[in-house]
Structures are given as structure tokens and as C-alpha cells.
Amino acid sequence: MPVHHLGRTVFGNPANAGNTMTLEEAHRLLNEWVPNERLRLHMKQVAAVMKAWAIEKENADETTALKWELAGLLHDADWEKYPDDHCRIIIEKLEAMNIDPDIIHCIASHGPAYFGVEPVNSMDKMIYAFDELSGFVHASALVRPTRYEGMDTKSVLKKLKTPSFAAQVNRNDITDALSRINIPLEELIDFVITHQRGVS
Ligand SMILES: [Fe+2]
């Protein structure tokens, strides 16, 4: 069994449906658990993209949009301090806090090949699709003198086809995530650029 496999597919307690935390609480947890500013930025970017997708594409109400945002914000919260136990530690923490099981399942399914948990609903599938893509778009911005300014989807697509560029980004995960949703890669890249460019 791969090292990160969680060994279960059910998370949280259905009785906790609707239980969230405030963004202030989530940021406090993030600041406490993730000293690495770049990793924190990654989670804030995924959170911004998830929230925007929920509102713009899923017609989400306020609580649902917050759930998408929180899942994005916390999905790698244990990565820096507990790399060997990622993402078991954050999952257990959220379960102990009686957080909505949708948020916990979403975090657990953001890497099916690693955690052994299949994305089920649209929140699960989108975090899987956005996670690597968000990191890739940011890596693409960092090598441009003007960063996100004037950045277009085509240049990101071209870099994706260059295996040596941002080689740590797993292209197979992106392809697999895309195969589970009916949304063109170009549209996702465009959405990521638009919604994470202003995040700091
Ligand atoms: Fe991530």
C-alpha cells in the first residue's frame, strides 16, 4: 500500500453537515501549521479558485462556497510539518473539530493515486483538477518578468507539454483529473489565471 494511503474512504460524521469554521480560524490554523509562505500562498490560491468556481459555476449558496474555500485553504495544511502523514493529520484534526464531512472528504480525495480516496462529488473532482493546475500556472507566472500581467492560456498549455518545465507537477494527475470532468483544459487554465492572479 502506498505510504500516503489513508486506508478508509469515509470521513467525518454526517451529523456535522453544515459545520464550518470561519476564514479567520482557517487562516490561524494555516499560519500555525505552515511556516512556508510559498506553500501558504498555494493553498490560498487553490481556495480562491475553488470559491470562485462554486459561486460562478455551481450556483453555490454562502455556506457551500465557504466549504469549497475551506477545503482549498486547508488541503495541504499538514504537508510541511507531517510530510509522511499527509493528509491524515489534517483530516483527523478536522474530524476532531466536528467539521462538515464534505470538506474532509474533499481534502482526502485531492490525490486519489496517493491517498486511495476517489473524488465523488463536484467539490472533490474540482480540487483534484485545480490543485496541480494552480501550482503549474503559478510556476508559469514566476518565470515571466511581468508575472500574471498579460499571461495567456496558450503559453501555459505550451509549458505543460514541456516535461522539463516545473517537472515536479505531475501531468498524469492533471490528465486523470480532467478525465473525470467534462471541462476543457483551456477553460480551467483560464479560470485559474483569472482567479488566482490577485491572491497574495
Ligand atoms: Fe495542493
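Residues take their numbers from the sequence shown, with the count starting at 1. Note that ligands are numbered from 1 as they come in the structure, with each ligand's atoms numbered from 1 the same way. Remember, predicted model here, so these are calculated numbers, not experimental data.
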- Please report how many protein N/O/S atoms lie under 2.8 Å from the Fe ion (ligand 1).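 Every protein N, O or S atom under 2.8 Å from the Fe ion (ligand 1) counted, the figure is 4.
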- Could you label the plane-to-plane angle of the H86 and H110 rings as parallel, tilted or perpendicular, counting under 30° as parallel and over 60° as perpendicular?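 Tilted: the ring planes of H86 and H110 meet at 30° to 60°.
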- Working to the nearest 0.5 Å, report the span between CD1 of I103 and CG of N19.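 That separation rounds to 8.5 Å.
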- Under 3.5 Å: donor-acceptor pair, side chain of N31, backbone of H27: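 The answer is yes, because a donor-acceptor pair under 3.5 Å joins these two groups.
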- Query: Among R180, E187, E186, whose side chain to side chain contact (heavy atoms under 4.5 Å, CB included) with I183 holds?
  - Reply: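 Single pass found, and it is E187.
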- Message: Which Ile, Leu, Val, Met, Phe, Trp or Tyr residues join L41 in one cluster when any pair of side-chain heavy atoms under 4.5 Å counts as a link?
- Response: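 Members alongside L41: V199.
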- Query: Under 3.5 Å, is there a donor-acceptor pair between the E58 and T64 side chains?
  - Reply: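 No, no side-chain donor-acceptor pair sits under 3.5 Å.
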